[in-house]
Number of protein chains: 2
Amino acid sequence: MREDIHTTGIPALCVSCEARHRGVCGALSSDQLVALSKSTKRHKAEAGKELVSDSRSVERFANVLSGVVKLTKTLSDGRQQIVGLQFAPDFLGRPFQAESSLTAEAATEVELCSFPRQALERLMKEQPDLEHRLLEQKLRELDQARDWMVALGRKTAAEKIASFLLMIARNIDPAAGPERRSAAFELPLSRAEIADFLGLTIETVSRQITRLRGENVIRVENNRHVIVDDIGRLAARAGD
Amino acid sequence: MREDIHTTGIPALCVSCEARHRGVCGALSSDQLVALSKSTKRHKAEAGKELVSDSRSVERFANVLSGVVKLTKTLSDGRQQIVGLQFAPDFLGRPFQAESSLTAEAATEVELCSFPRQALERLMKEQPDLEHRLLEQKLRELDQARDWMVALGRKTAAEKIASFLLMIARNIDPAAGPERRSAAFELPLSRAEIADFLGLTIETVSRQITRLRGENVIRVENNRHVIVDDIGRLAARAGD
DNA sequence: CGATTAGTTGAGCCCGTTCAACCATCGTGG
DNA sequence: CCACGATGGTTGAACGGGCTCAACTAATCG
């Protein structure tokens, strides 16, 4: 149990919650946590569940506690692009705007801790540090979005796949510290979703993964489980 | 002269500054403006000037007062991607991070109002509304970045060019209100830069512009001046 | 078992790239 | 004044990476 954060008087729900450590709730005092937790709901959503719909008003925000959420945009003729992935303890929502311009969907089974937008916006006024945390989170999302713009605009299919696997490894592998040489993880996305993320087709994704497998850069079991023995070899193919 | 914003005691520099109306400085009281303006420098940079260099520490932030700034990322082998364009009165800088992961360059002649990062970070603590403005600005940038991810990943060359021209028209045309049927503007980017923005080559950009010209969707004078008589016809080709 | 869904593999095609020639504009110096 | 090179843009021809279309395999579930 960490000592640096006071745990007395904190709602039971929050005590072991990652959002209180690395997420936005870390900005809140125990009193504020108690107040917020009154309107807080913790729930699970199975893979595929739509969490936020395009151009529908959003009345709740949420912290991602586990699992992966994908943010997608769709053109009128059905072409889709995944514009972001969120992992615990990311904040899910677009403050200061009544309707969402994108769709959020559970990519894997997901645990959320949600609260009304009003509750959050009220808390932000009395606790500026909350807004600060939110700003930092959104700045990170912006950095990530821009990294993917480079991949989408300028990388080859092979580089896109390598970059994607690296990114997932860093976010998912339970204990992948900065100095790990190997990694293993479950892919949170299907081939179709990877294609929508990288601006490719299912077939190209499949072929490139097969290629990496053939060159012994990765091993794949049951389609979803990926093992990277030498992360450096994978990184060398990411292009940057 | 607007009545809704108090102008007595405001530094001369700031009186007619757009950043005070629609930009981040709007959060500041006249006292705070006076304090900030002591360490403020207003300056011009000609097109091509590098404003922020990749992985170099950034000691100043700035407001864009006029002109266009492009944000680029470069892969190790020289491939480039423009990951954002900034117009007045956008805020230029990445708070809470010592070094920049991208390069900012004047795309056209640019006027900036810059200030030390410390001055801004200090002011943010005493004036939470400043951080709020910054958050809103960054949220807009994030929305834009995601819109371009869709273009980069899923739109055809023709659609990319149409989307790009539309975006520029909305940002540059002096008086393009929401209900304008026509627009005219100077392109702030060269063909090469447009290519780097859209993930295309110079030749493809050129060909697509020629095509739009041939179909009388746009007129082009002197390579840079674009006239759109019917914005709807252009929008119909943007794909979304 | 067949039915369904997810992934792989193959063959051919097409959009955008590559490579190259050409054109327009502009500033410079003989 | 024109010749000159430099820069930025256009245009053409051929190539190729990734897409399309289609057949096939694997895993899951009734």
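Protein chains get the first letters and strands the later ones, always in sequence-line order, with residue 1 at the start of each. Here the structure is a predicted model, which is why all the values come from computation and not from measurement.
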Between C:dT18 and D:dC19, how far is it from one P atom to the other, in whole Å? 16 Å
Salt bridge (Lys or Arg N to Asp or Glu O under 4.0 Å): which pairs involve residues 216-240 of chain A, sequence neighbours left out? A:Lys155-A:Asp240, A:Arg181-A:Asp230, A:Glu215-A:Arg237, A:Arg219-A:Asp229
Sequence-distant partners of A:Phe96, ring-ring contact (aromatic ring centres under 6.0 Å, His included), two or more places apart: B:His132
Across nucleotides 14-30 of chain D, 5' to 3', mark each nucleotide with B, S or - according to how protein heavy atoms within less than 4.0 Å reach it. ----SSBBB--------
Going by salt bridge (Lys or Arg N to Asp or Glu O under 4.0 Å), name the pairs with one or both residues in residues 64-74 of chain A, residues two or more places apart or in two chains. A:Lys70-A:Glu105, A:Lys70-A:Glu193, A:Lys73-B:Asp147
For A:Arg191, which residues count as a salt bridge (Lys or Arg N to Asp or Glu O under 4.0 Å) partner, sequence neighbours excluded? none
Hey, is the main chain of A:Ser206 close enough, under 3.5 Å, to the side chain of A:Arg211 for a donor-acceptor pair? no
What pairs of residues pass the ring pair (Phe, Tyr, Trp, His ring centres under 6.0 Å) test when at least one of them lies in residues 195-228 of chain A, not counting sequence neighbours? A:Trp148-A:Phe197, A:Phe164-A:Phe197
Boundaries of the chain A footprint along DNA chain C (any atom under 4.0 Å from a heavy atom): C:dG7 to C:dA11
Can you list every ring pair (Phe, Tyr, Trp, His ring centres under 6.0 Å) pair that touches residues 49-83 of chain A, not counting sequence neighbours? A:Phe61-A:Phe91
Can you name the residues that form a side chain to side chain donor-acceptor pair (under 3.5 Å) with B:Asp54, not counting sequence neighbours? none
